[in-house]
Trainee: 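Below: one structure in structure tokens.
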Amino acid sequence: MERMKRVDRILKYSGAIVDFYDDVMESPTGHIAHWDYIAHRKGAAAVLPVMDDGRILMVRQHRNAIERETLEIPAGSRDDVNEPRIECAARELEEETGYRAGKLELLITVATTVAFCNEIIEIYLATELKETERHPDEDEFVEIERYTIEELRDMVFAQKIQDAKTVAAIMAYYGKVIG
């Protein structure tokens with residue numbers, strides 16, 4: 001099978017989290033096309049925190065891109081490209097919820113938007129939670145809520161939760177626990 005070939009990548013905008021490129025692509029027939037490509041600079045990690053009673057800690061926050069509040073699992077970008085994603089997940093859990101995990105294990109890896117972005121998010125299952133202290137980023141305003149896995153699954157099917165990493169985490173955990 002003949003494949004598309006990138007003949008050029010032109011930086012159009014460099015942001016704090018992502019860089020935006022115009023990829024010049026050549027088809028097997030020689031046709032030239034321009035594709036948008038977004039490079040996530042550092043990568044990200046997320047965490048599904050399960051309390052001893054089985055309830056899951058979620059964060060509610062405003063998301064500018066969709067102009068509304070969302071219910072999500074804690075997540076964030078790595079501090080730099082060399083930070084292990086498991087350490088990023090542990091840090092984000094404590095920053096956003098005020099809990100530290102006694103145990104973290106990889107639950108699922110998600111490529112968030114394969115059509116135009118290289119972002120990969122490793123999602124960890126956090127258990128043996130111990131309450132510490134929240135210290136969110138200066139521009140981060142989140143509310144903490146607790147739900148059962150069944151409540152969260154129902155919210156996914158009712159389309160009340162639409163964030164891709166959160167949907168993937170909930171469904172993967174539901175399959176692991178109920179499966």
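The structure presented is a predicted model; accordingly, all values stated were derived computationally and were not measured.
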Trainee: Would a single hydrophobic cluster contain both Leu129 and Ile144, if residues Ile, Leu, Val, Met, Phe, Trp and Tyr are joined by side-chain heavy-atom contacts under 4.5 Å?
Mentor: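 Hydrophobic grouping puts Ile144 with Leu129.
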
Trainee: Are more than 12 heavy atoms, taken from residues, nucleotides or ligands other than Leu106, located less than 6.0 Å from that residue's CG atom?
Mentor: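 Yes, the 6.0 Å shell around CG holds more than 12 heavy atoms from other groups.
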
Trainee: Give the intermediate values and the outcome of salt bridge (charged side-chain N to carboxylate O under 4.0 Å, His left out) for residues Arg91 and Glu87.
Mentor: CA-CA 6 Å; Arg91 177 176 41 77; Glu87 290 178 18; over 6 Å; no

Trainee: With no hydrogens and no angle check, is any side-chain donor or acceptor of Ser27 less than 3.5 Å from a backbone partner on Thr29?
Mentor: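 Yes, Ser27 side chain to Thr29 backbone: donor-acceptor pair under 3.5 Å.
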
Trainee: Taking all non-hydrogen atoms of both residues, which atom of Ala75 and which atom of Glu96 are closest, and how far apart?
Mentor: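 Ala75 and Glu96 have their closest heavy atoms at O-OE2, 2.9 Å.
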
Trainee: Check whether Asp23 reaches the backbone of Met25 with its side chain - one donor and one acceptor, N or O, closer than 3.5 Å.
Mentor: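 Flag not set: sc Asp23 to bb Met25 has no pair under 3.5 Å.
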
Trainee: For a quick test of reading the model, state the closest non-hydrogen atom pair linking Glu145 to Leu71 and the distance between them.
Mentor: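 That would be OE1-CD1, 3.8 Å.
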
Trainee: Does any N or O in the side chain of Thr109 come within less than 3.5 Å of the main-chain N or O of Glu122, such that one atom is a donor and the other an acceptor?
Mentor: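 Not a single qualifying donor-acceptor pair exists.
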
Trainee: Rounded at 0.5 Å granularity, tell me how far CD in Glu151 sits from CD1 in Ile56.
Mentor: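 So the CD of Glu151 and the CD1 of Ile56 are separated by 9.5 Å.
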
Trainee: To the nearest 0.5 Å, what is the distance between CD (Glu143) and OG1 (Thr97)?
Mentor: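 Those atoms lie 14.5 Å apart.
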
Trainee: Looking at every heavy atom in both Ile120 and Arg85, which two are closest together, and how far apart are they?
Mentor: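 Taking every non-hydrogen atom into account, O-NH1, 2.8 Å.
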
Trainee: In terms of hydrophobic clusters joined by side-chain contacts under 4.5 Å, are Ile38 and Tyr21 together?
Mentor: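 Different hydrophobic clusters.
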
Trainee: Is there a side-chain contact between Gln162 and Val167 (heavy atoms, below 4.5 Å)?
Mentor: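 With C-beta onward as the side chain, the pair stays apart.
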
Trainee: Would you mind reporting whether Arg134 and Tyr99 have side-chain heavy atoms less than 4.5 Å apart?
Mentor: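 Side chain of Tyr99 against side chain of Arg134, heavy atoms only: no contact under 4.5 Å found.
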
Trainee: Report yes or no: do Tyr37 and Asn118 form a side-chain donor-acceptor pair below 3.5 Å?
Mentor: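 Checked: Tyr37/Asn118 side chains pair up, N/O donor to acceptor below 3.5 Å.
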
Trainee: Any side-chain heavy-atom pair from Phe20 and Asp36 closer than 4.5 angstrom?
Mentor: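 Yes, their side chains come closer than 4.5 Å.
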
Trainee: With a 6.0 Å cut-off (strictly less than), is the heavy-atom count around CD of Glu105, excluding the residue itself, greater than 12?
Mentor: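 More than 12 within 6.0 Å, yes.
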
Trainee: Taking the side chain as everything from C-beta on, heavy atoms only, tell me whether Lys176 gets closer than 4.5 Å to Leu107.
Mentor: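 With C-beta onward as the side chain, the pair touches.
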
Trainee: Kindly compute the distance separating CD (Glu83) from SG (Cys88), expressed to the nearest 0.5 Å.
Mentor: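 Going from CD on Glu83 over to SG on Cys88, the span is 5.0 Å.
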
Trainee: For the pair Asp19 and Leu11, evaluate side-chain contact (heavy atoms from CB on, under 4.5 Å) and give the outcome as yes or no after the intermediate values.
Mentor: CA-CA 7 Å; Asp19 293 331; Leu11 179 65; 3.9 Å; yes

Trainee: Give me the atom names and distance for the closest heavy-atom approach of Val110 to Ala168.
Mentor: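 Residues Val110 and Ala168, closest heavy atoms: CG2-CB, 3.7 Å.
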
Trainee: Starting from the C-alpha separation in whole Å, work towards a yes-or-no answer on side-chain contact (heavy atoms from CB on, under 4.5 Å) for Tyr147 and Met58.
Mentor: CA-CA 8 Å; Tyr147 296 93; Met58 302 289 288; 3.9 Å; yes

Trainee: Going by atom types alone, do Arg41 and Ser14 pair a side-chain donor with an acceptor below 3.5 Å?
Mentor: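 There is such a pair (donor and acceptor under 3.5 Å, judged by atom type) between the side chains of Arg41 and Ser14.
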
Trainee: Test salt bridge (charged side-chain N to carboxylate O under 4.0 Å, His left out) on Lys103 and Glu128 and set out the steps.
Mentor: CA-CA 6 Å; Lys103 185 177 178 185; Glu128 301 173 14; 5.5 Å; no

Trainee: Do you reckon Met155 sits in the same ILVMFWY cluster as Val177, going by side-chain contacts under 4.5 Å, direct or chained?
Mentor: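 The answer is yes; both residues are in one hydrophobic cluster.
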
Trainee: Is there a chain of hydrophobic side chains (I, L, V, M, F, W, Y, each step under 4.5 Å between heavy atoms) that links Ile161 to Ile66?
Mentor: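 Per the 4.5 Å side-chain linkage, Ile161 and Ile66 are not co-clustered.
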
Trainee: Specify the closest pair of heavy atoms between Ala172 and Ile108, including all atoms of both residues, with the distance to one decimal.
Mentor: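 Scanning both residues, the minimum pair turns out to be CB-CD1, 4.0 Å.
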
Trainee: Looking only at side-chain N and O atoms, does Tyr174 offer a donor or acceptor that is under 3.5 Å from a partner on Arg153?
Mentor: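 Yes.
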
Trainee: State plainly whether the residues Arg63 and Glu72 are in salt-bridge range, i.e. N to O under 4.0 Å.
Mentor: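 Between Glu72 and Arg63 there is a salt bridge, with a charged N closer than 4.0 Å to a carboxylate O.
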
Trainee: Rounded to the nearest 0.5 Å, how far does CG of Leu48 lie from CD1 of Ile170?
Mentor: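 Between Ile170 CD1 and Leu48 CG, I get 7.0 Å after rounding to 0.5 Å.
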
Trainee: Please check if any side-chain donor atom of Glu94 sits under 3.5 Å from a side-chain acceptor atom of Thr132, or the reverse.
Mentor: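 Short answer, yes.
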
Trainee: Answer whether the closest heavy-atom distance between the side chains of Phe157 and Met171 falls below 4.5 Å.
Mentor: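 Yes, their side chains come closer than 4.5 Å.
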
Trainee: Would you kindly confirm whether Val18 and Tyr13 end up in one hydrophobic cluster when ILVMFWY residues are joined by side chain heavy atoms under 4.5 Å apart?
Mentor: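 Both belong to a single hydrophobic cluster.
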
Trainee: Measuring from Leu152:CG to Arg146:CZ, what's the distance to the nearest 0.5 Å?
Mentor: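 If I round to the nearest 0.5 Å, the distance is 13.0 Å.
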
Trainee: Rounded to the nearest 0.5 Å, what separation is found between the OG atom of Ser77 and the NE2 atom of His40?
Mentor: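 These two atoms lie 3.5 Å from each other.
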
Trainee: Quick check: closest heavy atoms across Leu57 and Met51, and the distance to 0.1 Å?
Mentor: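 Heavy atoms only, the tightest pair is CD2-SD, 3.5 Å.
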
Trainee: Find out whether Ile86 and Tyr124 are in side-chain contact, i.e. whether some heavy atom of one side chain is under 4.5 Å from a heavy atom of the other.
Mentor: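 When only atoms from C-beta onward are counted, Tyr124 and Ile86 do touch, with a gap below 4.5 Å.
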
Trainee: Can a donor-acceptor pair be found between the side chains of Glu119 and Thr112 at a distance below 3.5 Å?
Mentor: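 Short answer, yes.
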
Trainee: When you compare the side chain of Pro28 with that of Arg3, does any pair of heavy atoms fall below 4.5 Å?
Mentor: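 Sidechains of Pro28 and Arg3: no contact.
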
Trainee: Is Leu104 close to Leu125 at the side-chain level, that is, under 4.5 Å between some pair of heavy atoms?
Mentor: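 Counting from C-beta outward, Leu125 and Leu104 never come under 4.5 Å.
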
